[in-house]
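Just so you know, ligand 1 is whichever comes first in the structure, and atom 1 is the first atom listed for that ligand. Both backbone and side-chain heavy atoms feed into the values below; hydrogens, waters and symmetry mates do not.
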Amino acid sequence: MVMIYLDHAAATPVDSRVLKAMEPYFSRDFFNPSAAYLPAKKVASDYEAAKATIAHAIGAKASDLVITAGATEANNLALNAIFASRSGSQSPGPSPRAGAAMARAAALRNPPSQDANIALYLATEHDSVRKSAERCGGAEIVVDKFGRIDMADLKSKITDATELISVSLVNNELGVIQPLAEIANLIREIKFDRLRRGIKTPLYLHSDASQALNLLDINVARLGVDLLTLNSAKIYGPKGVGALYVSHEVKLTPSTYGGGQENGLRSGTENVPGVIGFAKAVELAHEHLNGNRKKYAELKKLLLSNLHGYELINKKHALDNFAVLCYNGIDAERLIYLLEEKEVYVSTGAACAASKGEKSHVLAAIGLNDEQIAGSLRLSLGETNDKSQILEAAKIINEIVGSEYGRVSHE
Ligand code: PLP
């Protein structure tokens, strides 16, 4: 039996070329980049060159990036560091979301007061954004049934106190791409209006692009973002490495104090092999951007046309490597275990929520009921897949789903 891995949104294997690029920096070139002697200076220069490669891929400069230990830290840095110096930033925010329809109704009943909603974030954001935003007076922005931002809801929630809007470029459970440039245009209009009225409160756009870097051509100026989170672990680079792009307009408070690395924003000896690997992964992703999209579009079409008895949840605006399928009346958790016996690996949603047995806040936000959520599977395609694997996976999934439908109909 050959493993069929369909969970690339959770983790990707490190590409062999990435591993090869990293190797010397564990042993031969192990020096601390801050040391004064020549071999260490070479390591420092390789590290800066790697940062420049990552930065250039998004239209930025090496000095615009803060390297972090993954996207969770980058998201925390983006949200916490903006609000760290404000009084009351540690107070708990409003309670977590209570459903899209309820949020809309509440907004109509009680328009936000002008000193509320300091941080706005999409209801479908990763927990690292949601939990950081909740700590600093955050409020959710509603999404439509496809998982796209409700622009009217965003407009209604921006107050004169709003300082940050966080909207991921690609959602990690649905693969849905958000219209960031449209959001950036709205922000520009609001900033202009604030200027006219003499209001000095800044307004920044943050986006978590963890799932986007190997399939979308990202440019920070074109997107209009002030802060952008990147994640090596999702693009065939090493885990525990990420970056936050920070535009010159944004003044962040350091997340750690010490040796002054990363422009003084995140002190600590640099993860040189990790960043070298991240840069190689970025380089490879960029080289194969169009080829990958075409490949995944074909594989997804093949998968969907060979599977039976499902409803496709992410019908519109989704990246080609994401398929979210609902098998109504079936327990997707059971499907995962039954598929695991055949070495087919899929998930019910974000790996961190799934491992805690929590209901997906993303599927709830797009209006699925509990039964639909319980019956939903996320299949995320990637480099490890080919056509024969997809056909084999579809056959196995159909068999298992068929026998589960048979089992539940006899209960
Ligand atoms: N943001 C998104 C959209 C993700 O998909 C993930 C990982 O699942 C994260 C943030 C967190 O990344 P990490 O666990 O590498 O810090």
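- Ligand 1 has a nitrogen or oxygen under 3.5 angstrom from a nitrogen or oxygen of Thr72.
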Subject >> Pair Phe278-Ile54, side-chain contact (heavy atoms from CB on, under 4.5 Å): steps then yes or no >> reply: CA-CA 8 Å; Phe278 187 9; Ile54 301 165; 3.5 Å; yes

**OP:** Report the C-alpha distance between Ser168 and Glu125 in whole Å, list the side-chain angles of each, state the deciding distance to 0.1 Å, and finish with yes or no for side chain to side chain donor-acceptor pair (under 3.5 Å).
**Re:** CA-CA 7 Å; Ser168 54; Glu125 289 303 309; 3.2 Å; yes

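- Atom numbering of ligand 1 starts at 1 in the shown order; those under 4.0 Å from a heavy atom of Gln211 are 5 (O).
- Classification of the Tyr310-Tyr327 ring pair by plane angle, with boundaries at 30° and 60°, yields perpendicular.
- Ligand-side atoms of ligand 1 in range of Asn231: 12 (O), 13 (P), 15 (O), range being under 4.0 angstrom from any heavy atom.
- At a heavy-atom cutoff of 4.0 Å, ligand 1 is contacted by both the backbone and the side chain of Ala71.
- Residue contacts with ligand 1, taken as heavy atom pairs separated by less than 4.0 Å, do not involve Val129 at all.
- Side-chain atoms of His317 never come within 3.5 Å of backbone atoms of Val176 as a donor-acceptor pair (strictly under, hydrogens ignored).
- The heavy-atom pair separating Ala332 from Ser376 by the smallest distance is CB-O, 3.3 Å.
- At under 3.5 Å, not a single nitrogen or oxygen of Ala69, backbone or side chain, sits near a nitrogen or oxygen of ligand 1.
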**OP:** Go through Asn76 and Ser132 one step at a time and tell me if the side chain to side chain donor-acceptor pair (under 3.5 Å) criterion holds.
**Re:** CA-CA 6 Å; Asn76 274 262; Ser132 302; 3.1 Å; yes

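- If you number the atoms of ligand 1 from 1 as listed, the ones under 4.0 Å from a heavy atom of Ser210 come out as 1 (N), 2 (C), 3 (C), 4 (C), 10 (C).
- Put simply, the side chain of Asn385 gets close to the backbone of Gly382: a donor and an acceptor are under 3.5 Å apart.
- Those atoms of ligand 1 that come under 4.0 Å of a heavy atom in Asp208, given as number and element, are 1 (N), 2 (C), 3 (C), 10 (C).
- When the heavy atoms of Lys234, Glu73, Glu173, Lys239 are ranked by distance to atom 7 (C) of ligand 1, first place goes to Lys234.
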